[in-house]
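Handing you a structure now.
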Protein chains: 2
Amino acid sequence: MITIGQLAGYVGVSVKTVRVYHAKGLLPEPDRDVSGYRRYGADDVVALIRIRTFAEAGVPLARIRELMTAGEEELRRALLDIDGRLTDRIRGLQATQARLRELASGEPTLLPAGVHAHLEALERWGFTARWVELQRDLWILVFATHPDRAAELFRDQSAMLSEPALRQLFLRYDHAYGLDPGDPRVEELARRIVDATLSRYGADTPPEADAASGVPALVQSRINAASPAWRRLDSLIRAGLGAAR
Amino acid sequence: MITIGQLAGYVGVSVKTVRVYHAKGLLPEPDRDVSGYRRYGADDVVALIRIRTFAEAGVPLARIRELMTAGEEELRRALLDIDGRLTDRIRGLQATQARLRELASGEPTLLPAGVHAHLEALERWGFTARWVELQRDLWILVFATHPDRAAELFRDQSAMLSEPALRQLFLRYDHAYGLDPGDPRVEELARRIVDATLSRYGADTPPEADAASGVPALVQSRINAASPAWRRLDSLIRAGLGAAR
DNA sequence: CTTGACCCTGCCCCTGGGGCAGGGCTGCAC
DNA sequence: GTGCAGCCCTGCCCCAGGGGCAGGGTCAAG
């Protein structure tokens with residue numbers, strides 16, 4: 001009959017771990033020898049190895065306790081479940097590793113070079129510093145959280161700004177910042193933007209919106225918070241686009 | 001400027017997690033708005049994503065804090081280190097998964113059928129119940145912990161027992177249980193066993209001993225604990241084999 | 001002006017052990 | 001036998017990485 005230290009050293013865990021498993025009822029308390037030491041048999045080694053296999057797979061100890069006294073059928077289903085979760089975790093870690101490596105290689109590329117150029121162009125076209133900064137934050141967000149779709153969205157946006165007529169609309173949006181929310185120019189601008197959006201994308205969803213991520217909403221809420229006129233503008237545009245669908 | 005809930009929901013963590021990161025100094029506390037709410041910018045999103053990437057890779061928060069203010073060079077080395085550990089963990093999980101699947105398939109095979117037959121043969125040959133039980137535990141241990149080498153060791157042992165002359169030696173070992181440790185028969189038996197071992201394996205290591213695992217030592221210590229005569233026998237055999245090398 | 005959804009701080013709780021104190025056993029050497 | 005190292009025992013507090021709740025303030029929409 002072996003001692004707790006041998007059992008533990010043997011399966012590759014600490015003595016404490018074995019005692020914890022006793023306390024939590026995973027491993028039955030064995031008989032004691034005359035001096036009160038726990039004495040284990042070969043079956044306990046086998047049981048402990050099973051427990052460790054589950055534990056290393058990430059199964060909570062409380063669940064392992066249930067499994068140790070579970071029937072064939074339940075055990076079979078549980079093993080399938082555990083296996084699936086383990087596969088997920090492994091995939092997750094591999095994804096993390098990929099992100100880590102990206103972080104290791106392209107460290108200081110918060111934004112692709114094209115975006116910087118675009119932001120400088122905005123300034124030259126007469127956009128306010130406030131607007132440019134909002135745009136900068138928007139693209140940092142989009143590139144950080146949706147690296148896959150960001151480039152496409154950016155190309156679309158960039159193309160829009162290069163058309164003078166559309167650029168005018170954005171410029172007017174920018175400069176509407178200080179207007180009174182009731183100013184008729186706000187309503188007129190909203191109408192024009194709705195028209196332009198519909199003629200560009202039809203009644204389909206524009207690209208930003210199907211990045212279902214909440215990024216556009218997030219940025220929009222931030223824009224709205226900055227000015228009452230902008231808030232009204234946003235609400236009018238939404239209503240206009242909503243009615244067209 | 002976005003709120004803590006947006007930041008969190010956004011990167012896919014809880015609000016609490018973000019606050020914990022502030023408390024532990026991973027993410028700098030941002031400015032507050034008039035009502036005391038934390039307000040974040042796009043840079044914070046980027047920083048939080050970095051933090052989560054490390055955290056998901058298993059880096060402790062205290063270490064992440066250091067990394068957030070580390071220089072290029074240190075960061076590069078740390079990333080390499082983290083990547084390596086991550087690879088290890090992934091491999092470990094894959095190994096666990098393999099063991100899990102083994103557990104799922106061949107569940108009730110505590111011992112291969114051949115071992116049971118062998119144990120029954122021992123009884124017929126006149127080994128005591130005590131000896132048979134020790135052997136049973138030994139093989140459970142070996143098969144549980146060294147599934148790769150166990151079959152080979154078992155074949156070797158089995159072959160030894162099938163030779164009548166060697167079997168006699170084992171029988172005498174078994175029956176030496178109750179002898180006085182000073183009995184001359186103990187010394188004589190030890191001599192014979194040393195001779196037989198040397199003639200079977202030469203001066204090389206016998207197979208049990210190079211399963212460097214400690215299993216043999218473990219079992220031997222258990223055997224020794226059972227009887228003073230056995231203890232003496234073991235010590236004599238060790239001395240004899242040691243001298244021959 | 002209410003209502004629901006946020007936000008704030010402070011506090012205790014959980015898991016899976018690690019580590020230490022303060023005491024008892026065992027086995028080996030001398 | 002006597003020492004002494006190395007086990008073992010129980011009981012206790014500690015850690016990370018958050019979860020959850022209390023008790024209170026804030027914001028936006030209807």
Overall bend - the helix from C:dC1-D:dG30 to C:dC30-D:dG1, comparing terminal axes fitted on five pairs, nearest 10 degrees: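 The helix from C:dC1-D:dG30 to C:dC30-D:dG1 shows an end-to-end axis angle of 0°.
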### Task
Could you list by number each residue of residues 26-38 of chain B showing a heavy-atom separation from DNA chain D of less than 4.0 Å, or answer none if no residue does?
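Result for residues 26-38 of chain B: B:Ser35, B:Tyr37, sorted by number.
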Subject >> Donor on one side chain, acceptor on other, B:Tyr173 and B:Arg192, under 3.5 Å >> reply: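 Result is no, nothing qualifies.
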In terms of heavy-atom contacts, does CG of B:Asp88 have more than 12 from other residues, nucleotides or ligands at under 6.0 Å?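 Yes, the 6.0 Å shell around CG holds more than 12 heavy atoms from other groups.
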**Prompt:** Between A:Tyr40 (OH) and D:dC8 (C1'), how many Å, whole number?
**Reply:**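 From A:Tyr40 OH to D:dC8 C1': 11 Å.
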Check: Just one of A:Glu74, A:Glu72, A:Glu73 clears the side-chain contact (heavy atoms from CB on, under 4.5 Å) bar with A:Arg76, so which one?
Finding: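 Per the side-chain contact (heavy atoms from CB on, under 4.5 Å) rule, the option paired with A:Arg76 is A:Glu73, out of A:Glu74, A:Glu72, A:Glu73.
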- Item | NZ or CZ of B:Arg130 within 45° of B:Tyr177 ring axis and under 6.0 Å |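 Verdict for B:Tyr177: a cation-pi partner in B:Arg130.
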Looking at D:dG19, C:dG16, D:dC8, which one has an atom nearest to any side-chain atom of B:Ser14?
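So the nucleotide nearest the side chain must be D:dG19.
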Legend entry - Value in whole Å for how far the P atom of C:dG17 lies from CD1 of A:Ile51: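 Result: 11 Å.
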Q | Rounded interatomic separation in angstrom, taking NE2 from A:His22 and C1' from D:dT10 | A |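 After rounding, the reported distance stands at 14 Å.
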Exercise for the section: Give the intermediate values and the outcome of salt bridge (Lys or Arg N to Asp or Glu O under 4.0 Å) for residues B:Asp31 and B:Arg39. Expected result: CA-CA 6 Å; B:Asp31 294 340; B:Arg39 290 296 174 163; over 6 Å; no
* Rounded to the nearest angstrom, tell me the gap between atom CZ in A:Arg19 and atom C1' in D:dC13. =>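 For the pair A:Arg19 CZ and D:dC13 C1', the rounded distance is 16 Å.
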Give a yes or no on whether the backbone of B:Trp131 and the side-chain of B:Asp174 come within a donor-acceptor separation of less than 3.5 Å.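 No.
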Practice prompt. Rounded off to whole Å, could you give me the CD1-to-C1' distance for the B:Ile4 and D:dT26 pair?
Written response: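 So the two atoms are 15 Å apart, to the nearest Å.
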Above 12 or not: heavy atoms from other molecules or residues under 6.0 Å from CZ of A:Arg85?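 At most 12 heavy atoms, drawn from other residues, nucleotides or ligands, come within 6.0 Å of this atom.
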**Closest to side chain of A:Val20, choosing from D:dG17, C:dG17, D:dC9** =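 Among D:dG17, C:dG17, D:dC9, the one nearest the side chain of A:Val20 is C:dG17.
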Is there a side-chain contact between B:Arg52 and the phosphate of D:dG18, meaning an N or O under 4.0 Å from OP1 or OP2?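 For D:dG18, OP1 or OP2 has a side-chain N or O of B:Arg52 closer than 4.0 Å.
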Q) Does the base of C:dG19 carry an N or O that pairs as donor and acceptor with the side chain of A:Lys16 under 3.5 Å? A)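 In this structure, the two groups form a donor-acceptor pair.
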Residue met sooner reading DNA chain C from 5', once A:Ala55 and A:Arg39 are mapped to nucleotides:
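Taking each residue's closest nucleotide, the earlier one in sequence belongs to A:Ala55.
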Q. Looking at the side chain of B:Thr3, which of C:dC7, D:dG19, C:dG18 is the nearest nucleotide?
A.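 The listed nucleotide nearest to B:Thr3's side chain is C:dC7.
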So A:Arg38 and A:Thr3, do their side chains get closer than 4.5 Å, heavy atoms only?
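Side chain of A:Thr3 against side chain of A:Arg38, heavy atoms only: no contact under 4.5 Å found.
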Please state how far atom CZ in B:Arg63 lies from atom C1' in D:dC15, giving the value in whole angstrom units.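 So the CZ-C1' distance, B:Arg63 to D:dC15, works out to 19 Å.
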Item checked: Nearest-Å distance for atom pair CD1/C1', residues A:Ile64 and C:dT15 ->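 These atoms are roughly 12 Å apart.
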Quiz prompt | Whether B:Thr17 side chain and B:Val13 backbone form a donor-acceptor pair below 3.5 Å | solution =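 The answer is no, because no donor-acceptor pair under 3.5 Å joins these two groups.
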Could you check which of D:dG17, D:dG18, D:dC8 has an atom nearest any side-chain atom of B:Pro60?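 Output: D:dG17.
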| Whole-Å gap separating P (C:dG17) and CG (A:Leu48) |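 Answer to the nearest Å: 11 Å.
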What's the separation between atom NE2 in A:His175 and atom CZ in A:Arg185, rounded to the nearest 0.5 Å?
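These two atoms lie 12.5 Å from each other.
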